[in-house]
Amino acid sequence: MNILFLTWNHPAAHSMGGEQRNHLIHRALCDLGTVYTAIPALDRPSSLFPEPLTARVHAERRFSLRWLLRNAARLLLREMMLSHSAPPEWPPEWKSPRFDLVVARHATLAAYWRAWEFAPLIIDSDDFPSELYADRCPNGRNRLPYRLLRRWQTSIFRRCAFAWIAHEDQAALLPPSLPHQILENIPFDPGSAIYDESAAQLPYLLTVGTLSHPPNYHGLSRFLREVWPAIHTAFPDLHWKIAGRDCPPAVAAECAAAPNVELLGFVPDLASLYRNALACLVPVATGSGTCIKVREALLWGRTCLGWPFAFRGIPAADQTSANGIFPCKAPDEFVSALQSLASSAKRLPAQRSARAYALAHWSPTHFSSIIRAAIAALPLPSRHV
C-alpha cells in the first residue's frame, strides 16, 4: 500500500508536542505500507531529504491569481489555507506513484494539497483551525471571520473519509456523519522516561513547553500574576524552573521580576530536571488539542498541578491525587496541593501512582493500534494491512 503523508515538519523531528505526534503517526504508517512524506515547499524548488521518500514538494506559480488569493486570505485569516497554485512537482525519484491512502496532519494541509483528489483521506486534527482562531481572538466567535473559518473547516472535513481527534470535545467541530476516533497525544518515547525514586528531589517545580506557543506564554504570564505570589508566600524557599524556547520578551521580563523564578530557555536534555523536581506545573488555560507535557511528566513519575483545562482529554474521574493529577482552580488550591506533597511519605506514593497511570494509558503500541484499526476499516483501493 502506498501512503502519502502530508505534514509541515520532517517526521524524524520530535522536540515539540506536534512533532512527536508526527513522528508516531509516521512510524505507525510505515508499518502498514510504503510512506511518501510531502512537506510544502512554498518558496523553494522541490527537493529530497536524505531519506528518499521524504521531500519538500513545490506546487506554486508565483503571482498567479490562485497564489495571490491564497496569500491575501492568509493575511486576513491566518488559520485558513487555500489550495496550491500549480501542479505538485513530485520528485522524479518517486516515479509518480499512485497513492492508496492520504493522511494529512492538519486540515490546512488537506486543503492546500486538495488531498481528497489523490486517494481516500484521513485528517489528523489535534488542533482545529477554529480552536486556534478562538485562542488568538477570544472574543471573536460571533464575528464574520470565525463564521467563515468554521464553514471552510467543515467543507474540508466533509471531503475526508475519517478523522483522528485528540479528545472527545473536538467531535462537535466535525460534520455529524464523519467517522472519527480519539488519538491521544503521547510522548514519542516513553521508555526514555525512567523513574528513579532514589534521586534527590530538590525544592523546585518544573514547567516544560515551547514558549512561542501562545497558550503556553499566555498561561505562564497569568500564573505569574495570579498564582505564583501565593505559592511563594507559602513556600519561600521553593523555586520554579521553566524550560522552553522563544519566550516573548515581555513574558521573560515578568519571569525575571518574579521571586525564585528561573527561565531556562531551550534545554536539550530534560532528564535531570524531571528526575530532581518535586512536581510539575502546567499553567495552561487556553488552546486546543491536549497537553503532552502532562503525560510526559506523569511518565517521569512527577505529579502534575495545573488549571483544569490543562488535563483535558483525561477522564474527569481519573483526575485525582490518586493518579498524581491535581487540577486546581484557585491559588489556595495550588498551595493546598503542594502542602500535601511536602512530605516524602505522601509524595512518593503519588509519584508511583502517576507513573503507573501513564504507563497504563499512553503507549506507542496502543497509539499504533488505533491507527491500524482505523485504516483497516476503510475501503481502500488496495490493501496490505
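Computed from heavy atoms alone, side chains included, the values below leave out hydrogens, waters and symmetry copies. From a predicted model like this one, the values you see are computed outputs, not experimental measurements. Along the sequence shown, residues are numbered consecutively beginning with 1.
Contact annotation: the side chain of V227 never approaches that of L281 to less than 4.5 Å [non-hydrogen atoms, C-beta and beyond]. Within the 4.5 Å cutoff, the side chain of H180 has heavy atoms near those of the E168 side chain. By the 4.5 Å heavy-atom criterion applied to side chains, I375 and L29 are counted as neighbours. By the 4.5 Å heavy-atom criterion applied to side chains, T290 and D126 are not counted as neighbours. Inter-residue side-chain proximity for W116 and R114 is flagged as met; some heavy-atom pair is nearer than 4.5 Å. The shortest distance between side-chain heavy atoms of N2 and W94 does not fall below 4.5 Å. The shortest side-chain heavy-atom distance between L338 and L238 falls under the 4.5 Å cut-off. Using a 4.5 Å cut-off on side-chain heavy atoms (C-beta onward), V208 and Y274 make contact.
For the atom pair W90 CH2 and Y36 OH, the distance stands at 11.0 Å (nearest 0.5 Å). Of the inter-residue distances, the one linking S368 atom OG with D31 atom CG reads 5.5 Å to the nearest 0.5 angstrom. To the nearest 0.5 Å, the span separating CG on L273 from SG on C280 amounts to 9.5 Å. Summarising the geometry, atom CD1 belonging to I122 is positioned 8.5 Å from atom CD1 belonging to I371; distances are rounded to the nearest 0.5 Å. Rounding to the nearest 0.5 Å gives a distance of 7.0 Å between CZ of R275 and CD1 of I194. L206 CG to K293 NZ: the interatomic distance, rounded to the nearest 0.5 Å, is 9.5 Å.
Across all their heavy atoms, T303 and A279 have their closest contact at OG1-CB, 3.4 Å. Counting all heavy atoms, side chain and backbone alike, N276 lies closest to A200 at ND2-O, 2.6 Å. Pairing each heavy atom of L378 with each of L101, the nearest pair is CD1-CD1, 4.1 Å. Smallest separation of non-hydrogen atoms from F235 and Q339: CZ-CG, 3.5 Å. When all heavy atoms of P91 and A55 are compared, the pair lying nearest together is CG-CB, 3.5 Å. Shown here for L348 and Y195, the closest heavy-atom pair between the two residues is O-OH, 3.9 Å.
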Assess the residue pair L211 and D246 against the criterion (side chain to side chain contact (heavy atoms under 4.5 Å, CB included)); give the C-alpha distance rounded to whole Å, side-chain angles, the decisive distance to 0.1 Å, and a yes or no.
CA-CA 5 Å; L211 294 178; D246 300 329; 5.7 Å; no
Residues R62, S85; criterion side chain to side chain contact (heavy atoms under 4.5 Å, CB included); working and verdict:
CA-CA 8 Å; R62 289 175 64 83; S85 56; over 6 Å; no
Candidate pair R355 and Y357, rule side chain to side chain contact (heavy atoms under 4.5 Å, CB included), full reasoning
CA-CA 5 Å; R355 180 166 169 81; Y357 183 84; over 6 Å; no
Could you walk me through whether E184 and H366 satisfy the side chain to side chain donor-acceptor pair (under 3.5 Å) test, starting with their C-alpha distance in whole Å, then the side-chain angles of each, then the deciding distance to 0.1 Å, before giving a yes or no?
CA-CA 10 Å; E184 286 196 66; H366 179 62; over 6 Å; no
Set out, in order, the CA-CA distance, both residues' side-chain angles and the distance that settles side chain to side chain contact (heavy atoms under 4.5 Å, CB included) for R147 and R150, then state yes or no.
CA-CA 5 Å; R147 293 198 293 271; R150 282 295 303 268; 5.8 Å; no
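With P215 as the partner, the side-chain contact (heavy atoms from CB on, under 4.5 Å) test is satisfied by one option alone out of L132, L220, T286: T286.
Side-chain atoms of N323 do not come within 3.5 Å of backbone N or O of I325 as any donor-acceptor pair. Checked by atom type and distance alone, the side chain of H239 never pairs as donor or acceptor with a backbone atom of Y204 at under 3.5 Å. No side-chain donor-acceptor contact under 3.5 Å links S353 to the backbone of G324. Without hydrogens or angle criteria, H14 side chain to Q20 main chain gives no donor-acceptor distance under 3.5 Å. No donor-acceptor pair under 3.5 Å is formed between the side chain of R56 and the backbone N or O of I39. A donor-acceptor pair under 3.5 Å is absent between the side-chain atoms of R302 and the main chain of E296, judged by distance alone. A donor-acceptor pair under 3.5 Å is formed between the side chain of N260 and the backbone N or O of P236.
Note on ring orientation: taking the six-membered ring where Trp is involved, the planes of W164 and F162 are perpendicular (angle over 60°, cut-offs 30° and 60°). Taking the six-membered ring where tryptophan is involved, the planes of W228 and W240 are tilted, since the angle between them lies from 30° to 60°. The aromatic rings of Y112 and W8 lie tilted to each other, with the angle between the two planes from 30° to 60°. Aromatic ring orientation, F5 versus H26: tilted (interplanar angle from 30° to 60°).
No side-chain N or O of R295 forms a donor-acceptor pair with one of N185 less than 3.5 Å apart. If you check the side chains of S221 and R225, you find a donor sitting under 3.5 Å from an acceptor. In summary, the side chains of T7 and N9 do not present any donor paired with an acceptor at a separation below 3.5 Å, with no hydrogens or angles considered.
A distance of 6.0 Å or more separates the ring centres of W362 and F367.
Of the charged side-chain nitrogens involved, at least one lies within less than 4.0 Å of a carboxylate oxygen, so that D124 and R21 count as a salt-bridged pair.
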If you look only at distance, which donor and acceptor atoms sit under 3.5 Å apart when one is on a side chain in residues 70-82 and the other is two or more places apart or in another chain?
unit_1: R70; atom_1: NH1; unit_2: E60; atom_2: OE1; d: 3.1
unit_1: R70; atom_1: NH1; unit_2: E60; atom_2: OE2; d: 3.2
unit_1: R70; atom_1: NH1; unit_2: S83; atom_2: O; d: 3.4
unit_1: R70; atom_1: NH2; unit_2: E60; atom_2: OE1; d: 3.2
unit_1: R70; atom_1: NH2; unit_2: E60; atom_2: OE2; d: 3.2
unit_1: N71; atom_1: ND2; unit_2: W67; atom_2: O; d: 2.8
unit_1: R74; atom_1: NH1; unit_2: R78; atom_2: O; d: 2.5
unit_1: E79; atom_1: OE1; unit_2: R136; atom_2: NH2; d: 2.9
unit_1: E79; atom_1: OE2; unit_2: R136; atom_2: NE; d: 2.7
unit_1: E79; atom_1: OE2; unit_2: R136; atom_2: NH2; d: 3.4

